Participant: 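Below is a structure I'd like to ask you about.
Model, not experiment: these values are computed from the prediction.
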Amino acid sequence: QVQLVESGGGLVQAGGSLGLSCAASGRSFMSLDMGWFRQAPGKEREFVAAVVSSGSTTMYADSVKGRFTISRDNRKNTVYLQMNSLKPEDTAVYYCGASSGWSLPMRPQQYGYWGQGTQVTVSS
């Protein structure tokens with residue numbers, strides 16, 4: 001079992017920045033690929049970014065590439081999402097997910113564990 005707890009969401013003006021954190025406990029963090037997804041009201045959960053267990057490889061959705069950065073600290077069992085140049089369309093609940101057995105997973109179905117989510121609201 002893996003428990004994930006996100007933090008760091010909030011309200012920010014367009015063009016601003018926010019940093020999200022996801023603390024993991026339970027199963028060995030270093031064996032897990034980690035990802036961030038988001039879900040806006042009335043929409044499906046969509047991929048934002050992922051990082052492999054070692055931290056050596058990352059992947060981003062085109063909509064956030066160049067603005068968001070995913071990273072992880074395996075000593076602290078934590079994955080981060082730094083969000084810069086935020087836009088109103090980035091408004092959503094952001095979820096942290098943990099995955100194993102896939103190659104850089106980008107689909108929600110490839111994640112077996114989820115956090116409770118944290119709200120990010122970007123005002124125009």
Side-chain angles (χ1 to χ4, degrees):
Q1 283 285 3
V2 178
Q3 293 77 43
L4 303 172
V5 179
E6 300 100 334
S7 60
L11 173 65
V12 65
Q13 287 189 331
S17 298
L18 273 179
L20 304 183
S21 299
C22 174
S25 60
R27 181 175 168 180
S28 175
F29 183 70
M30 289 188 292
S31 70
L32 299 168
D33 296 335
M34 300 297 295
W36 287 96
F37 287 72
R38 65 189 182 187
Q39 189 166 16
K43 295 188 176 182
E44 294 185 350
R45 190 168 297 191
E46 66 170 357
F47 171 76
V48 174
V51 58
V52 298
S53 56
S54 67
S56 61
T57 303
T58 57
M59 182 66 71
Y60 297 92
D62 288 343
S63 59
V64 307
K65 202 171 293 183
R67 300 187 297 122
F68 290 13
T69 302
I70 188 171
S71 61
R72 65 189 292 161
D73 187 338
N74 285 345
R75 298 167 300 174
K76 296 183 179 179
N77 290 0
T78 302
V79 62
Y80 306 95
L81 185 68
Q82 178 62 38
M83 305 183 292
N84 299 328
S85 302
L86 282 160
K87 304 175 181 180
E89 50 264 44
D90 294 319
T91 295
V93 177
Y94 282 70
Y95 295 92
C96 169
S99 174
S100 63
W102 300 91
S103 177
L104 205 59
M106 297 173 60
R107 294 183 290 130
Q109 299 87 336
Q110 295 172 310
Y111 287 76
Y113 303 97
W114 295 98
Q116 80 287 354
T118 185
Q119 177 70 47
V120 172
T121 303
V122 184
S123 63
S124 57

Participant: Show your working on side chain to side chain contact (heavy atoms under 4.5 Å, CB included) between Thr91 and Gln119 and close with a plain yes or no.
Facilitator: CA-CA 8 Å; Thr91 295; Gln119 177 70 47; 4.0 Å; yes

Participant: Inspect the contact between Lys87 and Asp90 and indicate whether a charged nitrogen and a carboxylate oxygen are less than 4.0 angstrom apart.
Facilitator: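 Lys87 and Asp90: not salt-bridged.
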
Participant: Scan Trp36, Phe68, Tyr80 and name whichever one has a side chain to side chain contact (heavy atoms under 4.5 Å, CB included) with Leu20.
Facilitator: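 Single pass found, and it is Trp36.
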
Participant: Leu81 and Arg38: side chain to side chain contact (heavy atoms under 4.5 Å, CB included), yes or no, with the steps?
Facilitator: CA-CA 12 Å; Leu81 185 68; Arg38 65 189 182 187; over 6 Å; no

Participant: Working note: Gln1 + Tyr113, criterion side chain to side chain contact (heavy atoms under 4.5 Å, CB included); need CA distance, chi angles, decisive distance, verdict.
Facilitator: CA-CA 8 Å; Gln1 283 285 3; Tyr113 303 97; 3.4 Å; yes

Participant: Can you tell me how far apart CG (Asn74) and OG (Ser31) are? Round to the nearest 0.5 Å.
Facilitator: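 Here the interatomic distance stands at 9.5 Å.
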
Participant: Does Trp114 share a hydrophobic cluster with Tyr94, counting links as ILVMFWY side-chain heavy atoms below 4.5 Å and allowing steps through other members?
Facilitator: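 No.
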
Participant: Under 4.5 Å between side-chain heavy atoms, hopping through other hydrophobics if needed: is there a path connecting Met34 to Val120?
Facilitator: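 Yes, because Met34 and Val120 connect within a single hydrophobic cluster, where side-chain heavy atoms sit under 4.5 Å apart.
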
Participant: Roughly how far, to the nearest 0.5 Å, is CZ of Arg75 from CZ of Phe29?
Facilitator: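 If I round to the nearest 0.5 Å, the distance is 12.0 Å.
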
Participant: Around atom CD of Glu44, are there more than 12 heavy atoms of other residues, nucleotides or ligands at under 6.0 Å?
Facilitator: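 Counting other residues, nucleotides and ligands, CD of Glu44 stays at 12 neighbours or fewer.
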
Participant: Nearest heavy-atom pair of Ala98 and Leu32: which atoms, and what distance?
Facilitator: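 Taking Ala98 first and Leu32 second, the nearest heavy atoms are CB-CD1, 4.1 Å.
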
Participant: Side-chain heavy atoms nearer than 4.5 Å, only ILVMFWY residues, links allowed to pass through others: does that put Val122 and Val93 together?
Facilitator: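 Val122 and Val93: separate clusters.
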
Participant: Just wondering, are more than 12 heavy atoms of other shown residues or ligands nearer than 6.0 Å to NZ in Lys65?
Facilitator: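 Enclosed.
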
Participant: Roughly how far, to the nearest 0.5 Å, is CZ of Arg72 from OG of Ser21?
Facilitator: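 That separation rounds to 13.5 Å.
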
Participant: Measure from the side-chain N and O atoms of Glu6 to the backbone N and O of Cys22, and report whether any donor-acceptor pair falls under 3.5 Å.
Facilitator: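 Here the side-chain-to-backbone pair does not exist.
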
Participant: Is it the case that the side chain of Thr78 and the backbone of Ala23 share a donor-acceptor pair, with hydrogens and angles ignored and the cut-off at 3.5 Å?
Facilitator: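 No.
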
Participant: What's the separation between atom OH in Tyr60 and atom CZ in Arg67, rounded to the nearest 0.5 Å?
Facilitator: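 Tyr60 OH to Arg67 CZ: 12.0 Å, rounded to 0.5 Å.
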
Participant: Could you tabulate the donor-acceptor pairs under 3.5 Å formed by side-chain atoms of residues 48-58, not counting sequence neighbours?
Facilitator:
{"unit_1": "Ser54", "atom_1": "OG", "unit_2": "Ser56", "atom_2": "N", "d": "3.2"}
{"unit_1": "Ser54", "atom_1": "OG", "unit_2": "Ser56", "atom_2": "OG", "d": "2.8"}

Participant: Please check if the number of heavy atoms outside Trp102 that lie under 6.0 Å from its CH2 is greater than 12.
Facilitator: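 At most 12 heavy atoms, drawn from other residues, nucleotides or ligands, come within 6.0 Å of this atom.
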
Participant: Do Arg45 and Tyr111 form a cation-pi contact, if we require the NZ or CZ to be under 6.0 Å from the six-membered ring centre and within 45 degrees of the ring's axis?
Facilitator: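 Geometry flag: not set, cation outside 6.0 Å or 45°.
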
Participant: As an exercise, state the distance from OG1 of Thr69 to CD of Gln82, rounded to the nearest 0.5 Å.
Facilitator: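 It is 7.0 Å, given to the nearest 0.5 Å.
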
Participant: Look only at the side chain of Ser99 and the backbone of Gln110, and say whether a donor-acceptor pair between them is shorter than 3.5 Å.
Facilitator: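 Pair found, side chain donor or acceptor close to backbone of Gln110.
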
Participant: Can you list everything that forms a ring-ring contact (aromatic ring centres under 6.0 Å, His included) with Tyr95? Sequence neighbours excluded, please.
Facilitator: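 So Tyr95 forms no ring-ring contact (aromatic ring centres under 6.0 Å, His included) with any residue.
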
Participant: Would you say Ile70 and Val79 make side-chain contact, with heavy atoms under 4.5 Å?
Facilitator: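 Yes; the side chains approach each other to less than 4.5 Å.
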
Participant: Determine the minimum heavy-atom distance between Leu18 and Gly8, stating which atoms define it.
Facilitator: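 Scanning both residues completely, I find the closest heavy atoms to be CD2-O, 3.9 Å.
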
